[in-house]
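What follows is a set of notes on a single structure, which appears directly below.
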Amino acid sequence: KSDYQYHLPYRDGEAHPVLQSFDGAFSHTGYSKYALDFEMPEGTPVYSARGGTVVKVVESHTKHGPTEEYRDDSNYVVIQHEDGTWAEYHHLMYNGVIVKVGQHVEENQQIAISGNTGFTTGPHLHFVVAHRISWDKSASIPVQFRSVKGTIRQPVVGVAYQAK
């Protein structure tokens, strides 16, 4: 668990409904247990939830679909934070990443453009924070966010949280 209060991964003032929260039955199990899916139209700017260093970028995929066979077709950015955790931002637009590996980003800096690539049933942003457990094993962790209405500790499906 992280006590850090993350910025919602979109522009201040915007609100995007949660489609799937922690432990979501559709696909938030195992590594993705503490992932969140935010409904987000294709072309929406994606912002860093926390500052850090970009460690991985994939933006070459164009396919998507509602089954596991599309899992490896997601475009995404991974940002490593100073405490060793990292955030992943998935389902980005083809050629929609605007940061580079090795680049330092500040919290609430635009990093990408949302899309609909990989294992999806529709356009959304899949966001997850994880940490390494051992040399070859990592796990997602529950995080909290700041919103205009205060701290979000347990995001609720269907609620649109406004970024602050």
Side-chain angles (χ1 to χ4, degrees), residues 2 5-50 52 54-79 85-99 105 107-130 138-149 151-164:
S2 174
Q5 288 199 358
Y6 288 76
H7 191 279
L8 286 157
Y10 39 85
R11 183 184 289 134
D12 284 349
E14 285 186 3
H16 294 276
V18 174
L19 294 174
Q20 190 175 192
S21 191
F22 302 157
D23 263 335
F26 181 71
S27 63
H28 289 181
T29 58
Y31 176 80
S32 290
K33 176 181 175 80
Y34 293 109
L36 291 168
D37 290 342
F38 294 97
E39 185 176 330
M40 192 172 282
E42 291 181 61
T44 302
V46 175
Y47 286 74
S48 55
R50 183 174 181 178
V54 178
V55 294
K56 186 146 189 189
V57 167
V58 174
E59 60 177 341
S60 60
H61 297 292
T62 57
K63 296 190 297 188
H64 66 90
T67 56
E68 290 277 343
E69 70 185 277
Y70 295 98
R71 184 169 294 285
D72 294 334
D73 295 318
S74 178
N75 295 322
Y76 61 95
V77 171
V78 180
I79 297 174
T85 61
W86 64 87
E88 299 178 22
Y89 306 76
H90 282 266
H91 309 307
L92 306 174
M93 184 177 280
Y94 169 75
N95 282 341
V97 177
I98 62 173
V99 293
V105 297
E107 180 172 302
N108 194 26
Q109 175 180 333
Q110 187 179 353
I111 58 170
I113 300 166
S114 69
N116 187 23
T117 57
F119 178 26
T120 68
T121 56
H124 70 279
L125 176 69
H126 175 90
F127 175 82
V128 63
V129 174
S138 54
S140 60
I141 58 174
V143 296
Q144 51 191 343
F145 297 91
R146 294 183 311 276
S147 78
V148 295
K149 292 187 176 173
T151 303
I152 304 159
R153 289 186 176 81
Q154 184 68 42
V156 176
V157 171
V159 175
Y161 296 100
Q162 189 174 2
K164 161 188 163 169

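Note that the structure is a prediction, hence the values are computed from the model and not measured.
Side-chain contact between L8 and I152 is present, with at least one heavy-atom pair separated by less than 4.5 Å. In this structure, S74 and H91 have side chains that are in contact, with non-hydrogen atoms separated by less than 4.5 Å. Proximity of T85 to R50: side-chain heavy atoms (C-beta onward) are separated by under 4.5 Å at one or more points. For the pair N75/V57, no side-chain contact is recorded, criterion being any heavy-atom separation below 4.5 Å from C-beta on. Using a 4.5 Å heavy-atom threshold, the side chains of F38 and V18 count as touching. Taking 4.5 Å as the limit, some side-chain heavy atom of H28 sits within range of a side-chain heavy atom of D37.
Considering all non-hydrogen atoms of both residues, Y89 and P9 come closest at CE2-CB, 4.0 Å. Considering all non-hydrogen atoms of both residues, F22 and Q154 come closest at CD1-NE2, 3.7 Å. Annotation for L19 and E39: closest pair CD2-OE1, 3.5 Å, computed over non-hydrogen atoms. Heavy atoms only, all atoms of each residue included: A163 and H7 are closest at CB-CE1, 4.0 Å. Shown here for S32 and S140, the closest heavy-atom pair between the two residues is C-OG, 3.9 Å. The minimum heavy-atom distance linking V46 with I113 is given by the pair CG2-C, 4.2 Å.
With values rounded to the nearest 0.5 angstrom, K164 atom NZ is found 9.0 Å from Q5 atom CD. The distance from the NZ atom of K56 to the CD1 atom of I79 is 14.5 Å, given to the nearest 0.5 Å. Rounded to the nearest 0.5 Å, atoms NE2 (H64) and OG1 (T120) are 5.5 Å apart. Annotation: the span from N116 atom CG to L125 atom CG amounts to 12.0 Å, rounded to 0.5 Å. Atom CZ of R146 sits about 10.0 Å away from atom CD of Q144, to the nearest 0.5 Å.
Under a 3.5 Å cut-off, the side chain of T117 and the backbone N or O of M93 do not form any donor-acceptor pair. In this structure, the side chain of S114 engages the main chain of P41 through a donor-acceptor pair within 3.5 Å. Formation of a donor-acceptor pair under 3.5 Å by the Q110 side chain with backbone atoms of P45 is not found in this model. Using modelled atom types, no side-chain atom of S21 and backbone atom of V157 make a donor-acceptor pair closer than 3.5 Å. At least one donor-acceptor pair closer than 3.5 Å links the side chain of H124 to the backbone N or O of G122.
Residue H16 is tested with F127, Y47, Y10 for a ring-ring contact (aromatic ring centres under 6.0 Å, His included); the sole match is Y10.
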Using side-chain contact (heavy atoms from CB on, under 4.5 Å), reason through V128 and V143 one step at a time and then give a plain yes or no. CA-CA 9 Å; V128 63; V143 296; over 6 Å; no

Please test H61 against D72 for side-chain hydrogen bond (donor to acceptor under 3.5 Å, both in side chains), starting from the C-alpha separation and ending with a verdict. CA-CA 9 Å; H61 297 292; D72 294 334; over 6 Å; no

Show, in sequence, the C-alpha distance, side-chain angles and deciding distance for Y70 and F119, and conclude whether the ring-ring contact (aromatic ring centres under 6.0 Å, His included) test is met. CA-CA 5 Å; Y70 295 98; F119 178 26; 8.3 Å; no

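Classification of the Y76-H90 ring pair by plane angle, with boundaries at 30° and 60°, yields parallel.
Between Y161 and F145, the gap from one ring centroid to the other reaches at least 6.0 Å.
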